[in-house]
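Working notes, structure below.
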Amino acid sequence: MANQALMANAIRALAMDAVQQANSGHPGAPMGMADMAVALWGEHLRYNPANPHWFDRDRFVLSNGHASMLLYSVLHLTGYDLPISELKNFRQLHSKTAGHPEVDVTPGVETTTGPLGQGITNAVGFALAEKLLAAEFNRKDHAIVDHHTYAFLGDGCMMEGISHEACALAGAWHLNKLIALYDDNGISIDGQVKPWFIDNTEERFKAYGWNVIGPIDGNDAKDVSKAIAKARKEDSKPTLIICKTQIGKGSPNRANTAKAHGEPLGADEIALTRAALNWPYAAFEVPQEAYADWNHKEEGARAEAAWNDSFDAYAKAYPVLAAEFTRRMKGELPKNFHQVAFDTVVAAHTKGETVASRKASQLALEAFTAALPEMLGGSADLTGSNLTNTKSTAALRFDAKTGAVVQNAPVATQPAQGAEDEAAQGAAVEPPHGEIGRHINYGVREFGMAAIMNGVALHGGFIPYGGTFLTFSDYSRNAIRMAALMKRRVVHVFTHDSIGLGEDGPTHQSIEHAASLRLIPNLDVWRPGDTAETAVAWAVALQNQSRPTALLLSRQNIAYAPKGDLGDISRGAYVLSEPEAVGLKSKKTAAVIIATGSEVQLALAAQKLLAEKKIAVRVVSMPSTTTFDRQDVAYKKAVLPKKLPRIAVEMGCTGGWWKYGCAAVVGIDSYGESAPAPALFKHFGFTAENVAATVEAALRG
């Protein structure tokens with residue numbers, strides 16, 4: 001039998017030693033949650049240290065990411081590729097043990113956590129993806145998708161509003177394979193939380209539709225294990241296990257105090273703690289019996305091997321489904337994607353429709369969602385405005401009684417295998433199977449939607465996208481930043497991108513948002529100016545496997561901008577119109593007008609006005625500054641010649657445009673007004689006449 005006390009104390013010792021050596025970190029939570037980790041990782045979690053990425057593993061999320069030494073200790077002890085040297089290097093440059101867990105840096109870490117509340121929200125996304133994939137791919141006697149998502153979270157996660165958004169949705173979606181263990185230690189940085197945190201957590205989660213277990217003794221591994229076993233039997237609700245713990249457990253003078261939270265215990269207190277825990281070992285020394293109790297390599301290998309056998313049987317019975325499942329879990333696009341993208345862009349160019357770019361987005365989505373079953377859309381209660389739904393994406397719904405995913409679009413049985421698949425003869429024929437809904441009504445939960453999409457993307461099998469108004473990107477900004485930090489393919493559809501939305505006024509009119517989003521490293525931002533540019537933006541976003549994308553789309557209609565070549569749109573900026581297009585064949589180009597989105601039409605109109613005065617200008621459409629900035633120097637110089645004055649036009653803050661060496665910017669550095677859009681355009685100077693006058697003024701110097 002495993003010595004659970006020894007296993008827990010190994011975590012406590014490693015946590016306090018690593019924090020002490022780094023002279024930075026949070027020892028209290030790892031010491032307090034050590035017994036919870038023993039129960040979960042030692043008795044219930046299904047994982048393989050030798051292969052952290054095998055598909056049907058259980059997912060574990062440390063939502064209170066400041067407790068990172070808990071996770072690092074467990075990963076080391078169970079046999080992941082995380083040697084003791086990395087624990088000694090905690091919080092140091094280029095180590096695998098950053099201050100907060102980072103996905104793709106530390107083997108076994110499923111998501112980057114730290115901003116409180118987002119981890120549990122990611123976990124909701126993990127559990128949603130698991131449930132949807134199971135509904136789509138599992139067949140009778142072939143459950144290839146069958147794993148749990150576990151999360152540890154603390155008081156800080158509970159206090160963050162995003163936990164309300166996410167956990168309410170988890171209840172509505174009946175995510176019964178989501179099990180959250182709440183470290184209820186009653187302490188935060190400012191001390192005992194009672195004066196400012198009086199929620200009845202049990203009743204709160206019951207109101208969400210969760211199964212609630214506890215409070216239990218979170219410092220008793222046996223009690224925690226029993227609670228997890230009970231939670232695993234729940235068939236229609238997510239479960240919250242309330243674990244009462246002592247922060248800094250084992251420390252004679254720091255346990256149950258805020259001092260245990262975010263600073264080293266100190267050499268003297270560590271010595272006292274070692275004595276109290278009966279831990280006679282030197283710093284970073286773990287006895288072999290503890291390693292033996294924690295070691296999960298053999299059991300993990302057996303679990304993965306069993307699943308591999310199961311998947312092999314599935315592949316023999318349903319080879320087409322197995323191939324599709326494998327493709328999607330690899331994050332690869334269908335083989336015909338480039339043809340679909342090409343056809344979609346060419347169709348947009350051929351039709352040349354005058355529509356709002358939000359409608360242009362829906363037109364592109366009709367093609368892409370039909371071709372890519374992995375696209376999982378949604379909107380934060382603005383579907384009719386964001387236009388994120390398509391004919392291929394029925395609303396996602398769950399049976400109110402059973403919690404099962406509603407399958408509402410029956411499809412035909414699979415045809416018999418062709419001659420090239422002779423070896424598959426005798427395999428079971430695909431039974432009739434409903435298609436799951438692929439458009440999510442997130443409700444008014446922008447932040448929750450964004451972080452849930454991160455979890456879905458991290459899990460794999462889907463490309464999530466979700467919509468809201470651009471001005472509400474402020475609500476979801478930190479989750480957008482986390483997607484960029486984690487390098488995950490998530491697409492944000494932001495409509496109503498400027499003062500062009502009109503009468504709703506300055507509370508809804510985006511001014512600083514485009515510039516603000518462009519500042520987020522590794523986030524692609526597109527503000528397309530017509531249907532072709534919008535289709536290209538979607539195609540690029542879907543191919544961006546290692547970065548998220550924000551699409552900024554108009555409410556008002558935009559005329560199609562005629563263009564001879566579509567190839568350079570994907571480079572973020574391109575020459576849309578030369579002076580000869582407006583009758584100035586032999587006139588030397590005097591300036592360049594750069595525009596984005598709906599303002600491209602202003603630039604083209606201004607080009608004509610200037611041509612009447614024999615002033616030749618080039619019009620450059622720059623739908624994505626972030627993409628253009630990644631192009632080679634030669635291309636940048638070709639689009640924006642050095643010697644020509646540049647004038648930028650965009651309905652937003654002017655600050656970001658000066659880096660392009662602009663002589664002037666037609667923008668807006670104040671808040672908007674409530675009025676019809678045409679009146680606002682005139683009031684703020686977004687007219688062809690003002691753009692032309694600005695160019696003339698720049699040329700006069």
Side-chain angles (χ1 to χ4, degrees), residues 65 98-105 111-119 121-122 125 160 162 361 380 386 446-458 463-498 510-528 537-538 540-553 570-573 596-597 622-631 648 650-660 667 669:
H100 293 83
E102 295 184 28
V103 69
D104 298 332
V105 172
T111 178
T112 300
T113 54
L116 295 176
Q118 286 196 61
T121 310
N122 293 165
E160 288 286 358
I162 190 174
S361 170
N386 301 148
E446 298 87 358
F447 193 8
M449 174 180 69
I452 286 171
M453 289 196 298
N454 288 349
V456 170
L458 286 158
I463 300 174
Y465 67 93
T468 187
F469 288 171
L470 177 56
T471 190
F472 301 143
S473 64
D474 285 337
Y475 283 141
S476 51
R477 182 181 178 86
N478 199 260
I480 299 170
R481 179 180 186 272
M482 293 302 292
L485 176 64
M486 295 188 288
K487 301 179 181 179
R488 282 324 189 258
R489 177 169 47 189
V490 177
V491 184
H492 293 271
V493 178
F494 292 125
T495 67
H496 296 60
D497 67 345
S498 71
S510 300
I511 302 297
E512 74 278 18
H513 299 81
S516 176
L517 289 170
R518 289 169 182 150
L519 290 174
I520 299 177
N522 201 47
L523 173 68
D524 253 7
V525 181
W526 285 80
R527 188 167 183 256
W538 264 110
V540 173
L542 291 169
Q543 293 175 86
N544 275 345
Q545 289 198 35
S546 60
R547 60 169 54 92
T549 301
L551 305 178
L552 318 187
L553 308 170
S570 62
R571 303 186 77 168
T596 78
M622 192 178 286
S624 177
T625 63
T626 54
T627 304
F628 179 68
D629 289 348
R630 294 196 301 272
Q631 304 306 307
E650 184 174 63
M651 291 187 208
C653 288
T654 61
W657 288 103
W658 302 109
K659 70 177 180 178
Y660 296 109
D669 288 316

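Keep in mind it's a predicted model, so treat the numbers as computed, not measured. Numbers for residues simply follow the sequence, beginning at 1.
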Between atom [atom1] of [X] and atom [atom2] of [Y], what is the distance when rounded to the nearest 0.5 Å?
{"X": "R571", "Y": "T627", "atom1": "CZ", "atom2": "OG1", "answer": "11.5 Å"}
{"X": "Q543", "Y": "S570", "atom1": "CD", "atom2": "OG", "answer": "8.5 Å"}
{"X": "L116", "Y": "Q118", "atom1": "CG", "atom2": "CD", "answer": "9.5 Å"}
{"X": "L485", "Y": "M482", "atom1": "CG", "atom2": "CE", "answer": "5.5 Å"}
{"X": "Q631", "Y": "S624", "atom1": "CD", "atom2": "OG", "answer": "9.0 Å"}

Apply side chain to side chain donor-acceptor pair (under 3.5 Å) to [X] and list each qualifying residue two or more places apart in sequence or on a separate chain.
{"X": "S361", "value": "W538"}
{"X": "N454", "value": "none"}
{"X": "D669", "value": "T654"}

Counting only N and O atoms by type, is there a donor-acceptor contact under 3.5 Å from the side chain of [X] to the main-chain atoms of [Y]?
{"X": "D524", "Y": "T549", "answer": "no"}
{"X": "T121", "Y": "G117", "answer": "yes"}
{"X": "N478", "Y": "A451", "answer": "no"}

Measure the shortest side-chain to side-chain distance between [X] and [Y] over non-hydrogen atoms and say whether it is less than 4.5 angstrom.
{"X": "V491", "Y": "L551", "result": "yes"}
{"X": "T625", "Y": "V525", "result": "no"}
{"X": "T596", "Y": "L552", "result": "no"}
{"X": "R527", "Y": "S498", "result": "yes"}
{"X": "L553", "Y": "D497", "result": "no"}

Grab the two heavy atoms, one from [X] and one from [Y], that are nearest each other, plus how far apart they are.
{"X": "I480", "Y": "S473", "value": "CD1-O, 4.2 Å"}
{"X": "A450", "Y": "A479", "value": "CB-CB, 3.5 Å"}
{"X": "V456", "Y": "G125", "value": "CG2-O, 3.5 Å"}
{"X": "A484", "Y": "L523", "value": "CB-N, 4.2 Å"}
{"X": "C653", "Y": "A515", "value": "CB-CB, 4.4 Å"}

Restricting to ring pair (Phe, Tyr, Trp, His ring centres under 6.0 Å), what partner residues turn up for [X], sequence neighbours left out?
{"X": "F447", "value": "none"}
{"X": "H513", "value": "none"}
{"X": "W526", "value": "none"}
{"X": "F628", "value": "none"}

Please tabulate, for the side chains in residues 463-471, all donor-acceptor contacts under 3.5 angstrom to protein atoms that are two or more places apart in sequence or on a different chain.
residue, atom, partner, partner atom, Å
Y465, OH, T388, O, 3.0

Residues at least two apart in sequence or cross-chain that pass salt bridge (Lys or Arg N to Asp or Glu O under 4.0 Å) with R518, listed by chain then number, are E650
For E446, the salt bridge (Lys or Arg N to Asp or Glu O under 4.0 Å) test, sequence neighbours excluded, returns none
Show, in sequence, the C-alpha distance, side-chain angles and deciding distance for D629 and Y660, and conclude whether the side chain to side chain contact (heavy atoms under 4.5 Å, CB included) test is met. CA-CA 10 Å; D629 289 348; Y660 296 109; 2.8 Å; yes
The complete set of side-chain hydrogen bond (donor to acceptor under 3.5 Å, both in side chains) pairs with one or both residues in residues 483-495, sequence neighbours excluded, reads D104-R488, N386-T495
So salt bridge (Lys or Arg N to Asp or Glu O under 4.0 Å) across residues 468-482, not counting sequence neighbours, yields none
